[in-house]
Every structure is written in structure tokens, then in C-alpha cells.
K.L.:
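I am attaching a structure below and will ask some questions about it afterwards.
Within every chain, numbering begins at 1; the chains are lettered A, B, ... in the order of the sequence lines, protein sequences first and strands thereafter. Being a predicted model, the structure only gives us computed values, none of them experimental.
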Number of protein chains: 2
Amino acid sequence: MNLKELASKLGLSPTTVSRALNGYPEVNEATRARVMAAAKRHNYRPNTRAIRLATGRAMAVGHVIPVATRHEIVNPVFADFIAGAGESYSRNGYDMVLSVVPDDAEEEAYRDLRSRGAVDGVILHAPRMDDPRIPLLHEVGLPFVVHGRATGAGLPYSWVDVNNRRAFQRATEFLLDLGHTRIGLVNGLEFMDFAIRRRTGFADALAARGLSIDPDLCASDEMTEVAGFRAASAMLDLPAPPTAFLVASMISGMGVRRAIESRGLRMGRDVSVIIHDDDLSYMKNGEDVPIFTATRSSVREAGRIAAEMLMLRIAQPDAPPETRLLEAELIIGQSTGPAPRNG
Amino acid sequence: MNLKELASKLGLSPTTVSRALNGYPEVNEATRARVMAAAKRHNYRPNTRAIRLATGRAMAVGHVIPVATRHEIVNPVFADFIAGAGESYSRNGYDMVLSVVPDDAEEEAYRDLRSRGAVDGVILHAPRMDDPRIPLLHEVGLPFVVHGRATGAGLPYSWVDVNNRRAFQRATEFLLDLGHTRIGLVNGLEFMDFAIRRRTGFADALAARGLSIDPDLCASDEMTEVAGFRAASAMLDLPAPPTAFLVASMISGMGVRRAIESRGLRMGRDVSVIIHDDDLSYMKNGEDVPIFTATRSSVREAGRIAAEMLMLRIAQPDAPPETRLLEAELIIGQSTGPAPRNG
DNA sequence: TTGAAAGCGGTACCAG
DNA sequence: CTGGTACCGCTTTCAA
């Protein structure tokens, strides 16, 4: 059932039917009602392809996922963001297009999406310092919103971010309050903007207590289980091992757990551990939450917000950039860990 | 730069340019070369929206992700599948559209994708027994491939699946070989097809040794950390606790780990644990792999294969259904766990 | 081997 | 308030 058929069935012109369906004011309300009813009855849905060509808008938003050595997509946090954004798109009649491309083809992917007219805008993931994708997107004229911030990007842009610095600062303060002075930081790759901010929060909290960073207690690597395992293992085998850990992700946190366990130590008894981005929020009520976490739920919220900001930018490309900083929810478990035994 | 502009710049008709670019044989090779060169030089890319309308094909594939209480998308396995499929799509000029919808709107989402002409086919995720989506997709005439199998579906369909039964059977056999007789199964929800198959594999291995399933040692719940924690806790607190666990997912595996730890036990020393779908494949070389795993890499492969099968079905809708069963790769760690102390 | 012209299924401008 | 018509940018007969 297409517009023309529906129109002839109603004895109206396609024009009028189109107007009635799209809520144009100049249509007689009686006519509109008739049209609406017929559309519902015949289960008419306008052809997306035709709308797209006629209006020149794709009614679609792109997310480019570079994939190769590093597998961004397996990051659960990324999935949460996508889920949040996806809900917003669905509610607003937008489609979400995911492009999974080799990571050396990312730039080409953006150019392609743009010149093919496949999407009206994109979300930029995992920004790095001086991220080259920001000037690129400006150049090709594709509206975008960044999930995170790109320090050093000369050009203005819209972003939504979780306050990583603050989250790590508070987590560090919490450990310091417990009496820990040797805290191991198991961070992500520090050319990623969020990892830099996390480190800054960590350093700030230490500095506020007159402590400085011990390079032996700082690791920066991919957020995988094996990297977490290696980093924590190395620190635990130091002459003066840390009494607490602050870990960047749920996945590297698994490696840290293993390193601790495999030395006969116990998390929450011998070593305090705070894992960021772990999702134990659902355990808040009545469950024993063993570790202090910054929950992933704010990431889902970030996805929703980013999507809405992007759709707005698409509608008004010349609006000034907008920014949103979300605070991570922090959860303190009963058995987060004691004061250090020999701290 | 569009087709008409490119054509007039070349002094040719749009028809000829289109034919040259699309590899039609009737074009003079000299002309074709000239056209190709000009297209490259001007960075011409045909407008996707126009192609879609003209050809009647969307050149896009849909993945519908229902979301509400259960959050399928945060399942890392799902993300791997998407990554694998996405690569295939990109290579073949297809777009992947993700629809995140409330889980009571899934049926509507398929109808909508179909009648709007937004996609040419879909991948069906997480099939259940007698899954109603299979007759639905047949009814609306949307080509599809199932990731997994739907026992009880009367109609034929194409699918790609990992051999869950075999994976769990082998894992169970491995534990039995170590001397374990009380093995706890921490399974997913057993209305999911894959969970049923996993349980069957577990049961088969036990039966082959003359053992039967102890209902107290079988849990079936969502594959979340808290569910894993609860299930393992309950079993460990039995008068005769299990000496080994077989766990359905990386995430519930985290809960099982916690339950073990919090009782002062150690994985691999006091309790043997096998986690399915955990991704420790990258730890194979030289690293200490503490647990035996069925790796996720086969899921990525499944995504690739499913995507290719779907694109084929779209091209030839009347081809007979095709099926592929992949074997999960099994990895045995050095410290998987000893024989039971009191087994 | 090339081109003219008629769609694909809508939108939107201009008349009436 | 309603209808005719010219697109949107490409594909695809049909003629030349």
C-alpha cells in the first residue's frame, strides 16, 4: 500500500493525503480523520526510501566503530551508550546505522556516510587528544556530537561526558580516608581523553593530601582482562605493594581480581579495590556489594542525551555547540575493604 | 557532485555514466576508463537514498534489540556477534541498522522495518522455544537468519549457531575427568534455546558416567553478576556443596567468582570453575589461564557467517534454508583446578 | 555503444 | 481547503 493507492481509494489526491498524514494545518479536519482512519485500516506506512530522497534527509544517524586490534565494541560501556542512544532514536523516528570498519578506514567511513547521504549526523566515540576526526567532521560538514571530550581540538563541538576526573578523585579520596597511602592505578590507555582525566582526578586527590604519584603504582594499558592482570601482578610483586587499587573498567577489574586471588589475597579483606564502570548498581538493595563502583547507568543516560543533542543539531546545524557533564553515581559497598594492614 | 553533474562534465548522458560505473558490459572500455577516472577525481559517490528508491532495495540489514528489564545489548557476546556481522556488511556495501525498542514493541518493529522498506532482511537474536518471531517474519515476508535455533518452530529457517550442547558436554566431561561428581550448573534462562541446549550437554555428560542431575546444583536465571552470585552462594551453602562450577557467561561468572571468594575459597584451588563465553583466548600464550573457557571468538565468526547468509538470502529469497553449526574453541588453563578435596 | 524518458514513492510549491 | 506538477538522484527499459 503506497500513497497513491491510498489516495485513490479515498478519492483524494496524494497531496492531500500526504498533508493530512503529516499534520499540515490547511487540511479539513474531517478529511484528516478520514485519511488517518484509512491509513490505519490499510496499515499504510510511508516508504522510508522515498521520504529520504524527497526530503533530502536520511532520518538516520551513524555510529562508526573502528575494529581491529582494539575491539571497542566489546566494551560493555560502549554497548550501554548505544542502548541509550538507540532508545532516543527509535522514539524520534530515526534509524541508527552502525558502521563497523577496519580502524585505518575510519576517516573514509565518515566521508562515505556523508557523500552517500546515508546519515544526517554521527556520534563520535572514544575521542583522543587532538583527535583528527573533529576537524575532519567539520570539513565534511557532518553534524556530530562527541561522547567524551577531545582536549586540544581547536574547533568547537558539542559533547556529552561523564565526569571522569571527579569520579576518580572521589574514589581516591575514599581510599585515602580508609587510610591507604599506596594505591595502585590501573588505567586505560592514556592517549584516550577519558583516561587522562581519570588520572588527573587520581593525582589531584593524592596531591590534596600531600601525596605524589608513584610511577610504579600507575599502569596505563588497554582495558582488557590480561592487561589488568599484568598490571596488578607487577604492582603486587613490588617490595612495597599497594594496599588498594583503583581500576578503570569492569574488564580490567577482572584481571585485577585474578592477580589478587592468585597471590592468596582476598579482595575486600587484604586489598581494597574500586572498579570504575562496573555495573553493580542493581545490587544496591540488600545485596553485599563488595566493591565501590561508579556505575554504568550514567553512560546509558549519556547515550540518550547525546542522541537528543545530535537530532537537535541536525535540525539546527548553526546552533552553538552544547555540552553536558554528567556525574557518575558512586556506590559504596559494605565490604569495600578495610584500612591497610601495613599501610 | 551527482550523476547528472558528472555526466555533463564528461559530455555524456547520465545513463552511460551510470552504466560505466556499475560495470555494465555494453560500455566502451575507453569511455568507462574516462568515467571511472572522472568519478575518482571528483570524488563522486552515488547517493544512497536515490539508489534505494530506484532499485527498491534498502541495501541495509536490521538487528532489532529489545530492551527493558533484560538488557540483551550489554551482553558482550551479543556485541561480538554484531562486530562480526558488521564487518561483513561493510565489505558488501550494506548498512547495518540497529533498532533498540521496548521489548513489548519488538513485533511492531519488524512490521515497521518491513513496510517502511528500511531494510532488506533481519538477523533474529536470542531465539526462544516456539519463538513467535519466526512465523511473524515469514508472514511479513522479511528474509531473515537466526542466530541460534528455535526448537519447536514449525517453519523452516536459516540459522547459525555455536554448538552449545557439545561445548557444555565437553566442559562437563573435563570436570568429571578431574574427579568431580558434584558440579554446579549456573545456566541462563531455560526458555532460551541456547540455555536448554547447554543444560542438555551437561546432563548428557553426567548420564554417560551414570550420574544424574541434582536439582539443587542447577540454577537457571538471567546472566547477570547478581544472579550468578546468588546461584553460586546458594549452592556453596548446601550441606554438600559442589566442588566445581560450570557457568554460562562471563558476567554471571563474575558473580560466581565473588561467591567463592567471599567464602574464603579460591577458584582453581578449592573449586574448579569453567566459564563459557569468557574471552581469555588472548591469554593462551604464556599467560596463566586460571579457568577453562569456551571462547567468544566463535561468536564473532558466527556473526560474519550469519551476515553473509542473510545477504545471500536477500539476493535469492527462494533458496532453501541454510544452516551452520560452529564448534566453540575450548581452552584449558594450567590452573583450572584440582580434583575435589572431598569429592 | 549511447541517449531519451519513464519511473521509484514521496514532498512541496503554485494555482485554483 | 484541495489538486496538479515538478522535482529528489539514480536505474532501467526502449530506441536509435
K.L.:
What is the distance from CG of B:Leu6 to P of D:dC10, rounded to the nearest Å?
P.N.:
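One finds 9 Å between P of D:dC10 and CG of B:Leu6, rounded.
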K.L.:
Rounded to whole Å, how long is the line connecting atom CG of B:Asn47 with atom P of D:dC8?
P.N.:
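Atom-to-atom, B:Asn47 to D:dC8, this comes out as 11 Å.
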K.L.:
Using a heavy-atom cut-off of under 4.0 Å over every strand shown, decide if B:Arg52 touches base, sugar-phosphate, or nothing.
P.N.:
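No contact at all - B:Arg52 keeps every heavy atom at 4.0 Å or more from the nucleic acid.
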K.L.:
Could you give the CD-to-P distance, from B:Glu26 to D:dA16, as a whole number of Å?
P.N.:
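Taking CD of B:Glu26 and P of D:dA16, I get 18 Å after rounding.
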K.L.:
Once you round it to whole Å, what is the distance between C1' of D:dG3 and CG of A:Leu3?
P.N.:
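Whole-Å distance recorded here is 13 Å.
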K.L.:
Among C:dG3, C:dG10, D:dG3, which nucleotide has an atom closest to any side-chain atom of B:Ser13?
P.N.:
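Shortest atom-to-atom distance from the side chain points to C:dG3.
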K.L.:
Considering only heavy atoms from C-beta outward, does the side chain of A:Asn2 approach that of A:Asn47 to under 4.5 Å?
P.N.:
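They are not in contact (no side-chain heavy atoms under 4.5 Å apart), so the answer is no.
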K.L.:
Where the side chain of B:Asn2 is concerned, which of D:dG3, D:dG9, C:dG9 is the nearest nucleotide?
P.N.:
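Within the option list, the nearest is D:dG9.
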K.L.:
Distance only, no hydrogens: is a donor on one side chain within 3.5 Å (strictly under) of an acceptor on the other, for A:Thr16 and A:Ser13?
P.N.:
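Indeed, the side chains of A:Thr16 and A:Ser13 share at least one donor-acceptor pair under 3.5 Å.
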K.L.:
When you measure from the side-chain N and O atoms of B:Thr55 to the phosphate of C:dC8, is any distance below 4.0 Å, counting only OP1 and OP2?
P.N.:
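Checking C:dC8 against B:Thr55, no side-chain N or O comes under 4.0 Å of OP1 or OP2.
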K.L.:
Taking the six-membered ring for Trp, is the centroid-to-centroid distance between A:His147 and A:Phe78 below 6.0 Å?
P.N.:
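Ring centroids of A:His147 and A:Phe78 are no less than 6.0 Å from each other.
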K.L.:
Rounded to whole angstrom units, what separation is found between the CZ atom of B:Arg49 and the P atom of C:dT11?
P.N.:
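One finds 14 Å between P of C:dT11 and CZ of B:Arg49, rounded.
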K.L.:
If you assign A:Pro25 and B:Arg45 each to the DNA chain D nucleotide with the nearest heavy atom, which residue ends up on the more 5' nucleotide?
P.N.:
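Checking each residue's closest nucleotide, the 5'-ward one belongs to A:Pro25.
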K.L.:
For A:Leu53 and B:Leu12, take the nucleotide of DNA chain C holding the closest heavy atom to each; which residue's nucleotide lies nearer the 5' end?
P.N.:
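Its nearest nucleotide lies further toward 5', so the answer is B:Leu12.
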K.L.:
Using heavy atoms to find the nearest nucleotide of DNA chain C for B:Thr31 and A:Met1 separately, return the residue whose nucleotide is more 5′.
P.N.:
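First, find each residue's nearest nucleotide; the 5'-ward one identifies B:Thr31.
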K.L.:
Expressed as a whole number of angstroms, how long is the span from A:Arg57:CZ to D:dG9:C1'?
P.N.:
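My rounded result for the distance is 18 Å.
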K.L.:
From the list D:dG3, D:dT12, D:dT11, which nucleotide is the closest neighbour of the side chain of B:Asn22?
P.N.:
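So the nucleotide nearest the side chain must be D:dT11.
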K.L.:
Just the rounded figure in Å: distance from C1' of C:dT2 to CD of B:Glu29.
P.N.:
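Going from CD in B:Glu29 over to C1' in C:dT2 covers 15 Å.
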K.L.:
Without decimals, in angstroms, what is the distance between A:Arg19 CZ and D:dG4 C1'?
P.N.:
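Value for this atom pair: 10 Å.
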K.L.:
State which residue, out of A:Asp120, A:Ile51, A:Val119, fulfils the side-chain contact (heavy atoms from CB on, under 4.5 Å) condition with A:Arg57.
P.N.:
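That would be A:Asp120; it is the only one of A:Asp120, A:Ile51, A:Val119 passing the side-chain contact (heavy atoms from CB on, under 4.5 Å) with A:Arg57.
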K.L.:
Using a cut-off of strictly less than 4.0 Å, decide whether A:Thr15 has a side-chain nitrogen or oxygen near OP1 or OP2 of D:dT2.
P.N.:
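False: A:Thr15 side-chain N/O out of range (4.0 Å or more) of D:dT2 OP1/OP2.
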K.L.:
Is the gap between the ring centers of A:His138 and A:Tyr157 under 6.0 Å?
P.N.:
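Centroid distance A:His138-A:Tyr157: not below 6.0 Å, so no.
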K.L.:
Applying a 4.0 Å non-hydrogen cut-off, can you work out what B:Ile51 is touching in the nucleic acid: base, sugar-phosphate, or nothing?
P.N.:
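The answer is sugar-phosphate, as B:Ile51 gets under 4.0 Å only of primed atoms, P, OP1 or OP2.
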K.L.:
Between A:Tyr24 and D:dT2, is there a side-chain N or O to OP1/OP2 distance below 4.0 Å?
P.N.:
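A:Tyr24 to D:dT2 OP1/OP2: no side-chain N or O under 4.0 Å.
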K.L.:
D:dC1, D:dG9, D:dT12: which one has an atom nearest the side-chain heavy atoms of A:Asn28?
P.N.:
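So the side chain of A:Asn28 is nearest to D:dC1.
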